[in-house]
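Taking it in order: structure first as structure tokens, then the write-up.
Just so you know, ligand 1 is whichever comes first in the structure, and atom 1 is the first atom listed for that ligand. Index from 1, following the sequence.
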Amino acid sequence: MAYRSLAIIGGTGLGALATISKDDALEVTTPYGSPSAPLMKGRLGIRPVTFLARHGNPHALLPQEINYRANIHALVESGCDAIVGVNAVGAIRRDVSSGDVVVPHDIIDYTYGRKHTFGGDGRVIHVDMTEPYASDLRAALNQAAGQVAQLTVHRDGVYGCTQGPRLETSAEIDRMERDGCDVVGMTGMPEAALAREMGVGYAAVCLVVNAAAGRAPGPITLQQIEEVTLTGMEKVEALLTHAVESLYK
Ligand code: HPA
């Protein structure tokens, strides 16, 4: 499928896209409130894209403070017809390492109390989530990942979305592994479900920034995460540039 207007929601470590200029910032509001930041309308390579910093710019919003409804609504109302979310995650599966990218094919939602639907108040909606991520977007992301030097990509995986902001206990990660989760993050939901409710394709690129709790000796440190994020997100940006090229064809 050819897309006309792709949106990228950047997570931790991707607060901006280097190629998008500040002049293109679009301040918008929605019936659900304001998105995390202005929509940055610009280009990736030669293709138009809209970038949104999920945690705000500068990064100030915790995962449960993000107005996911406003973010998705604003992007779709501004004309975007597909959304790629970028997430930093911890690795649960043993063959997934820091610095790798996972393009998840499924998700388990462990969050609670988030405003997670456009329905309610008399509007009854039950979207199908059998396949939560758009297969054509996933294929483009996987193919693009193969074009980035020194990047290991896992072509599928199950994303477990926890509430945060704290990291998990070892026992929680063991339980998530038994549930079938391969990676853990805090922002995959309700983003994916809301995109489905609005009828736009959605997929995610997950950069692994640490081994999940109990999967490596010692505590998880912010310093460790920041080091991986810095170099990893440069590769994610290269991946997105390649993906955008094929998605607009
Ligand atoms: N757990 C939850 N969210 C995360 C992690 C983690 O280990 N790493 C990055 N985001």
Nearest heavy atom to atom 9 (C) of ligand 1 wins, so pick from Thr162, Leu207, Asn210.
-> Asn210
Where ligand 1 meets Glu168 - atom numbers and elements under 4.0 angstrom, heavy-atom basis = 1 (N), 2 (C), 6 (C), 7 (O)
Between Asp100 and His154, is any side-chain donor less than 3.5 angstrom from a side-chain acceptor?
-> yes
Just wondering, more than 12 heavy atoms not from Glu131 lying within 6.0 Å of its CD?
-> no
Go through the side-chain N and O atoms of Asp106 and Tyr133 and say whether any donor and acceptor fall under 3.5 Å apart.
-> no
Thr12 and ligand 1 - part of the residue with a heavy-atom distance under 4.0 Å | neither
Hey, what do you get for CD1 (Ile83) to CD1 (Ile72), rounding to the nearest 0.5 Å?
-> 4.0 Å
Provide the number and element of each atom of ligand 1 under 4.0 Å from a heavy atom of Ala88.
-> 9 (C), 10 (N)
OH-CD1 distance between Tyr159 and Ile107, expressed to the nearest 0.5 angstrom | 6.0 Å
Closest to atom 3 (N) of ligand 1 among protein heavy atoms sits Gly185 CA, 3.4 Å
Which residue holds the protein heavy atom closest to atom 4 (C) of ligand 1, what is that atom called, and what is the gap in Å?
-> Val184 O, 3.6 Å
State which residues pass side chain to side chain contact (heavy atoms under 4.5 Å, CB included) with Asn142; sequence neighbours excluded, sorted by chain then number.
-> Val103, Arg138, Val153, Arg155
Among non-hydrogen protein atoms, atom 6 (C) of ligand 1 lies closest to Leu167 CD2, 3.5 Å
